**Student:** 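One structure is given below, represented as structure tokens, and several questions about it will come after.
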Amino acid sequence: MGVINVLDKHVAELIAAGEVVERPASVIKELIENAIDAGAKNITVEIKNGGTTFMRVTDDGCGIQREDVKVAFLRHATSKVREEQDLDSIATLGFRGEALASISAVSRLQLITRSEKEDAGTSYTIEGGEEKELTDAGCPVGTTFIIRDLFFNIPARAKFLKKDVSEGINVSNIVDKTALSHPEIAFTYIRDGKQVLRTFGDGKLLSAIYSVLGREFAGSLMPVEYQLNEICVEGYVTKPVNARPNRNMQNFFINGRYVRSRTAMAALEEAYKGSVMVGKFPSCVLNISLPYGMIDVNVHPAKIEVRFVNERPVFDAVYHAVKSSLMKNDSRKQATFCSETAFHDVRKVSTFNTAQAVFRKAEEAPQKPTQPAKPAEDEFNPFASVRFDAGAPKTELPSIDGVSLSDSANPFDVYSKKAVGNAKREEKYKPQPPVPIGTVIKPTVPAPAEPTAEEIKAEPEPPCVQEEIVVTEKHNSEPVVLYQQQKDELQYVGELFDTYIIVEINRKEMMLIDKHAAHERIIYERLKAENAGASAQLLLTPVSVTLGKQEYDAAISHLDMFARCSFEVEDFGSSTVLVRSAPQYIDAAEIADCITEMANYIAMGKNDIFTEKMDWFYHNVACRSAIKAGNKNSAKELIEIVKTLEENPQIRYCPHGRPVCIVMKKSEIERQFGRA
């Protein structure tokens, strides 16, 4: 008897269902994709207990005709692929014809649908792959799927499901990704009786991002719109200052399908190189549109991975799209203040204004002499033990600022005498107007007055030595106008903490520049452009490097690119190149790795073939050569840094990804002082 068995149809369907239906999120994904392919404009998703006990997906698409209802649940039954050639240009999200058959095989499913041509709808119930009921139903045009008790007939699979919270999060992730990929569709997501997501379906991607990812994320985005030949890249990317510690917010869509693409991810991060700090990653929502014949989407059971016929054009399109957006839309970092410390809080403004009104009223009111109120019996009175009796012997009381309390019948008069003394001191030390430059100042000697009896008795003071003081320099408090265009005017104000340059822009903004970070990036760009410090050194023994076929062909075709980087490279045959000279800062043991890395960059079509080692060298030289925080620098040196930054607006970050400058708006500063 043979040992090879032909599986029963039901067992075969259960095995096949395991490839398509892994968890509730897989069911939701397949049903939403079918709704989108049906032309729906409104899709509602509802789940309970993470989707393990109840799922419902409703759409207003074209619906399913009654004669096609039973056929739709047969394996490999689909309306999206007819011929073999259709697989070369798949334009729909679903195409295999396995979703409905797999879902119905492991759940209790009910379908309610009606097409536009039919007067009555259809209700179809199927449990565990077995048909239960087919009846008429009253319903609008569209389709509703209700799935209950997922994996009720496969306990082994059900026990591998995670907690309801985790399964619900996976479903939420699927709904979020789909809503971002199709902003023209209004999505409603209900979880355990509570609506957690609602998109408007107005066709605006930013509106969908706002609904799905929140206001804070939407406010940190820059638009992207770029086309390279047949590839179009549209969407949004975050500003470098809003980089995140992981890649969880990188969303790539190809022809409206969410995918995980290493090519797009590498292009995105390459465009941000030098603008974000190490360990930080940019975020994005990018839709890549390209001809259907350039990709193959039938390479993963969940259809979240694709294969490109040629990855190079896709990489270039994403890289240049993001790089162009950074150059065009990124701006200097804006300084913000916490709302808790600002006066724009309503209650704080009210309290502040009330206090100001009370003080103003008190100042404007005429001052009248008042007597101190008689303290109550139970109140503390510091003068309760002091009795003022004309017949009683006079008691010496302590003094305040040299004024004795005994000199006055009323102890509160001491504060009036103190105020008179303060006024005399202020008048004596009142600041004098500035003296013009070059003015000769001679101390004036007042005319001698008639000496009194006390002055005669006093000892004579030593004579005063008179000197001539010549004012040769005057402090210039006016800001220096250092850069001016038609609309922009920059004024150098000064330096803060020997680290930050203060610049005023158009009398509306204040800019703080980190002089070390700015100078470091300026030197780095200059070294990289001029290839300075990379003088070639002739090797005593040439180094042979064996390359792959593709890298070898690219290398021998672009030997001039190696020469620009101070490498003397020549063809040695048999996929091998010979290196006769290299930059002085490259160790002999690292030459082979550098040549391999550079040849790989050339094969990928990059114009910037600097290796990580070379890039590190320029970083190190720039960091050591730049002026340091805390150093004393002249105003002329600092002004040159500001001028260079204005002439090169693309310099916004140091080579390590830190911001070079921060801009503070005048209105924001005034708000902190209650002026706005």
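The model shown is predicted, which means the values in this text are computed figures rather than measured ones.
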**Student:** Take V224 and E234, measure what side-chain contact (heavy atoms from CB on, under 4.5 Å) needs, and give me the verdict at the end.
**Tutor:** CA-CA 5 Å; V224 176; E234 295 178 325; over 6 Å; no
**Student:** Donor-acceptor pair, distance only, cut-off 3.5 Å: does the side chain of N153 make one with the backbone of A105?
**Tutor:**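 At least one qualifying donor-acceptor pair exists.
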**Student:** Using the test side chain to side chain donor-acceptor pair (under 3.5 Å), find all partners of D60 that sit at least two apart in sequence or belong to another chain.
**Tutor:**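 For D60, the residues satisfying side chain to side chain donor-acceptor pair (under 3.5 Å) (neighbours in sequence not counted) are N42.
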**Student:** Any donor and acceptor pair, going by atom type alone, linking the side chain of D59 with main-chain N or O of G61 inside 3.5 Å?
**Tutor:**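 The answer is yes, because a donor-acceptor pair under 3.5 Å joins these two groups.
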**Student:** Within the structure provided, determine whether L197 and T188 are in side-chain contact (heavy-atom separation under 4.5 Å).
**Tutor:**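 Answer no - side chains too far apart.
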**Student:** Check R157 with E22, please: is the shortest side-chain N to carboxylate O separation under 4.0 Å?
**Tutor:**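 No, this pair does not count.
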**Student:** Among residues at least two apart in sequence or on other chains, which ones pass side chain to side chain donor-acceptor pair (under 3.5 Å) with S104?
**Tutor:**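 Residues passing side chain to side chain donor-acceptor pair (under 3.5 Å) with S104: none at all.
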**Student:** E305 vs V259, test: side-chain contact (heavy atoms from CB on, under 4.5 Å). Steps then yes/no.
**Tutor:** CA-CA 5 Å; E305 294 182 5; V259 297; over 6 Å; no
**Student:** Which heavy-atom pair separates S115 from Q65 by the least distance, and what is that distance?
**Tutor:**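 Scanning both residues completely, I find the closest heavy atoms to be OG-CG, 3.7 Å.
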**Student:** Can you pull out every salt bridge (charged side-chain N to carboxylate O under 4.0 Å, His left out) where at least one residue sits in residues 182-204? Sequence neighbours excluded, please.
**Tutor:**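 Output for this query is empty, none listed.
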**Student:** For V309 versus I295, what's the shortest heavy-atom pair and its separation?
**Tutor:**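 Reported closest heavy-atom pair: CG2-N, 4.4 Å.
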**Student:** Do N329 and P223 come within less than 4.5 Å of each other through their side chains, counting heavy atoms only?
**Tutor:**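 Yes, close enough: below the 4.5 Å cut-off.
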**Student:** Salt bridge or not for K163 and E167, using N-O below 4.0 Å?
**Tutor:**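 No salt bridge links K163 with E167.
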**Student:** Side chain to side chain donor-acceptor pair (under 3.5 Å) with K323: which residues, sequence neighbours excluded?
**Tutor:**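 Scan of K323 (side chain to side chain donor-acceptor pair (under 3.5 Å), adjacent residues dropped) gives none.
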**Student:** By ring-ring contact (aromatic ring centres under 6.0 Å, His included), which residues pair with Y210, not counting sequence neighbours?
**Tutor:**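 Not a single residue meets the ring-ring contact (aromatic ring centres under 6.0 Å, His included) criterion with Y210.
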**Student:** Counting C-beta onward and ignoring hydrogens, is there a side-chain heavy-atom pair between T144 and L111 closer than 4.5 Å?
**Tutor:**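 No. Closest side-chain heavy atoms not under 4.5 Å.
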**Student:** Within the structure provided, determine whether V285 and L213 are in side-chain contact (heavy-atom separation under 4.5 Å).
**Tutor:**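 A side-chain contact under 4.5 Å exists here.
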**Student:** Any sub-3.5 Å donor-acceptor pair from S123's side-chain atoms to D136's backbone N or O?
**Tutor:**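 Checked: no pair found.
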**Student:** Say whether, by atom type as modelled, one donor and one acceptor occur between the side chain of N49 and the main chain of G51 under 3.5 angstrom.
**Tutor:**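 Checking the backbone N and O of G51 against the side chain of N49, no donor-acceptor pair under 3.5 Å is found.
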**Student:** Can you pull the ring-ring contact (aromatic ring centres under 6.0 Å, His included) pairs that have at least one residue in residues 172-201, sequence neighbours excluded?
**Tutor:**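 Output for this query is empty, none listed.
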**Student:** Working note: K29 + E33, criterion salt bridge (Lys or Arg N to Asp or Glu O under 4.0 Å); need CA distance, chi angles, decisive distance, verdict.
**Tutor:** CA-CA 6 Å; K29 178 179 183 296; E33 289 180 351; 2.7 Å; yes
**Student:** Taking all atoms of both residues into account, what is the closest heavy-atom pair of A599 and A554, and its distance?
**Tutor:**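 Nearest pair, atom of A599 first, then A554: O-CB, 4.4 Å.
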**Student:** Test: salt bridge (charged side-chain N to carboxylate O under 4.0 Å, His left out). Region: residues 143-153. Which pairs qualify, not counting sequence neighbours?
**Tutor:**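 Counting only pairs at least two positions apart or across chains, the salt bridge (charged side-chain N to carboxylate O under 4.0 Å, His left out) contacts touching residues 143-153 are R108-D149.
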**Student:** With a 4.5 Å cut-off on side-chain heavy atoms, are V577 and T546 touching?
**Tutor:**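 T546 does not reach V577 side chain to side chain.
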**Student:** Among pairs that include at least one residue of residues 212-227, which meet side chain to side chain donor-acceptor pair (under 3.5 Å), considering only residues two or more places apart or in two chains?
**Tutor:**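 Those involving residues 212-227 do not exist here.
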**Student:** For M55 and V27, run side-chain contact (heavy atoms from CB on, under 4.5 Å): C-alpha distance rounded to whole Å, both residues' side-chain angles, the deciding distance at 0.1 Å, then the answer.
**Tutor:** CA-CA 9 Å; M55 289 179 283; V27 176; 4.0 Å; yes
**Student:** Do K70 and E131 sit within salt-bridge range, that is, some charged N less than 4.0 Å from a carboxylate O?
**Tutor:**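 Result for this pair is yes, salt bridge flagged.
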**Student:** Heavy-atom distance under 4.5 Å between the side chains of F252 and C284, does that happen here?
**Tutor:**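 Answer yes - side chains close enough.
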**Student:** Can you list the residues that meet the side chain to side chain donor-acceptor pair (under 3.5 Å) rule with N251, with sequence neighbours excluded?
**Tutor:**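 Listed in chain order: K177.
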**Student:** Within the side chain of E551, is there an N or O that forms a donor-acceptor pair under 3.5 Å with the backbone of N600?
**Tutor:**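 No; zero donor-acceptor contacts below 3.5 Å.
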**Student:** Using modelled atom types only, decide if a donor and an acceptor are shared between the side chain of S107 and the backbone of I103 within a distance under 3.5 Å.
**Tutor:**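 Between the backbone of I103 and the side chain of S107 there is a qualifying donor-acceptor contact (under 3.5 Å).
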**Student:** Restricting to salt bridge (Lys or Arg N to Asp or Glu O under 4.0 Å), what partner residues turn up for R114, sequence neighbours left out?
**Tutor:**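 Applying salt bridge (Lys or Arg N to Asp or Glu O under 4.0 Å) to R114 gives none.
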**Student:** On a heavy-atom basis, which atom in V318 and which in A264 lie closest, and how many Å separate them?
**Tutor:**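 That would be CG1-O, 3.9 Å.
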**Student:** Checking the side chain of E46 only, and the main-chain atoms of V57 only, is there a donor and an acceptor separated by less than 3.5 Å?
**Tutor:**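 Side chain of E46 to backbone of V57, a donor-acceptor pair under 3.5 Å: no, none is there.
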**Student:** Is there a side-chain contact between T596 and L547, using heavy atoms and a 4.5 Å cut-off?
**Tutor:**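 Yes, their side chains come closer than 4.5 Å.
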**Student:** Got a donor-acceptor contact below 3.5 angstrom from the N287 side chain to the V233 backbone?
**Tutor:**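 Such a contact is absent between N287 side chain and V233 backbone.
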**Student:** Quick one, Y236 and L206 - any side-chain contact, counting heavy atoms below 4.5 Å?
**Tutor:**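 Yes, at least one pair of side-chain atoms sits under 4.5 Å.
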**Student:** Which heavy atom of I64 sits nearest to which heavy atom of E118, and what is that distance?
**Tutor:**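 Smallest heavy-atom distance, with atoms named: O-OE1, 4.0 Å.
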**Student:** Is there a side-chain contact (heavy atoms from CB on, under 4.5 Å) between T199 and V212? Walk through the geometry before answering.
**Tutor:** CA-CA 8 Å; T199 63; V212 174; 4.2 Å; yes
**Student:** Are any side-chain N or O atoms of S324 and backbone N or O atoms of A321, one a donor and one an acceptor, separated by less than 3.5 Å?
**Tutor:**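 No; zero donor-acceptor contacts below 3.5 Å.
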**Student:** Going by atom types alone, do T44 and T58 pair a side-chain donor with an acceptor below 3.5 Å?
**Tutor:**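 No, T58 and T44 have no side-chain donor paired with an acceptor closer than 3.5 Å.
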**Student:** Do any pairs count as a ring-ring contact (aromatic ring centres under 6.0 Å, His included) and have a residue in residues 107-158, sequence neighbours left out, and if so which ones?
**Tutor:**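 Sorted pair list: F73-Y124.
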**Student:** Hey, could you give me each pair passing ring-ring contact (aromatic ring centres under 6.0 Å, His included) that has a residue in residues 258-281? Not counting sequence neighbours.
**Tutor:**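 Non-adjacent pairs meeting ring-ring contact (aromatic ring centres under 6.0 Å, His included): F253-Y258.
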